[in-house]
Structure formats: C-alpha cells, structure tokens
Amino acid sequence: MLKDLAQKSECYKKLSASLKAGRLFHACMLIGADTEEVSAVAKLLSSDILQEGHGEDKREQISHKVFASIHPDLKE
C-alpha cells in the first residue's frame with residue numbers, strides 16, 4: 001500500500017526520473033502535509049538507490065528491509 005501511494009506521487013516520479021538520469025542531488029529534503037506519503041516516497045526512493053547494482057533476487061530483499069525499517073544502511 002505504501003509503495004502504491006509513493007509510486008503515484010508526483011514528487012516520487014520527478015525524483016525517480018532524476019535518479020535514472022544520474023542527476024539526483026546528494027541530499028533531498030521532502031516536506032509535505034501528508035506525513036505518510038512523504039515517508040513512503042522517501043522509503044521508495046531509498047529502496048531504488050540501495051537496489052542499484054543488485055540482481056532481481058536481491059532487489060526484493062532490499063525493498064522489504066527498507067519498508068520494514070530494518071535495512072542497515074538506512075536510518076530514519
């Protein structure tokens with residue numbers, strides 16, 4: 001559900017496009033009235049970044065850990 005919310009967000013679409021084009025800034029601040037949406041966008045983008053260079057089998061594991069807030073390379 002959170003992934004669906006984030007994927008529909010205009011903010012995520014723009015940040016994801018920047019990541020794919022290699023133009024994502026080294027730091028991003030996400031601010032919004034809907035804290036659940038902001039958190040979902042941040043987690044989905046973090047998952048995308050952490051999945052770079054990994055195979056499909058590892059990608060699902062990374063995504064699960066990010067959304068469960070247990071990935072060792074992500075601090076909230």
Side-chain angles (χ1 to χ4, degrees):
M1 172 149 166
L2 285 178
K3 285 183 188 179
D4 294 335
L5 177 66
Q7 288 173 331
K8 293 176 184 174
S9 165
E10 191 64 33
C11 177
Y12 172 73
K13 290 175 187 175
K14 289 181 180 182
L15 289 169
S16 180
S18 293
L19 175 63
K20 289 175 184 170
R23 293 182 285 119
L24 188 65
F25 292 103
H26 73 280
C28 299
M29 182 180 292
L30 304 177
I31 300 171
D34 185 346
T35 56
E36 188 173 287
E37 181 179 355
V38 171
S39 177
V41 168
K43 285 184 176 188
L44 188 56
L45 186 63
S46 298
S47 179
D48 291 348
I49 291 168
L50 291 167
Q51 290 176 19
E52 288 285 318
H54 292 283
E56 192 60 41
D57 58 326
K58 190 78 168 167
R59 290 174 179 259
E60 187 57 39
Q61 182 183 20
I62 291 169
S63 179
H64 169 74
K65 286 182 176 183
V66 167
F67 277 89
S69 299
I70 59 172
H71 195 286
D73 294 331
L74 181 64
K75 302 292 181 228
E76 291 183 68

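Owing to the predicted nature of the structure, the values given are computational and were not obtained by experimental measurement.
Around the NZ atom of K8, the shell of radius 6.0 Å holds no more than 12 heavy atoms that belong to other residues, nucleotides or ligands. Atom NE2 of H64 is surrounded by 12 or fewer heavy atoms from other residues, nucleotides or ligands within 6.0 Å.
For the atom pair CZ of R59 and CD of E52, the computed distance is 6.5 Å after rounding to the nearest 0.5 Å. One finds the CD1 atom of I49 at 11.5 Å from the CG atom of D73 (value rounded to the nearest 0.5 Å). Between the CG atom in D48 and the OG atom in S16 there is a gap of 5.5 Å [rounded to 0.5 Å].
Considering all non-hydrogen atoms of both residues, V41 and C11 come closest at CG1-SG, 4.2 Å. The two residues K43 and F67 make their nearest non-hydrogen contact at NZ-O, 3.6 Å. The shortest non-hydrogen separation linking Q51 to S47 is NE2-OG, 2.7 Å. Between L45 and Y12, the shortest heavy-atom distance links the atoms N-CE1, 4.1 Å.
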If you apply the rule side-chain contact (heavy atoms from CB on, under 4.5 Å), what do you find for L15 with L30, and how did you get there?
CA-CA 11 Å; L15 289 169; L30 304 177; 3.7 Å; yes

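Within the hydrophobic cluster formed by Ile, Leu, Val, Met, Phe, Trp and Tyr side chains joined at under 4.5 Å, directly or through other members, M29 is accompanied by I31.
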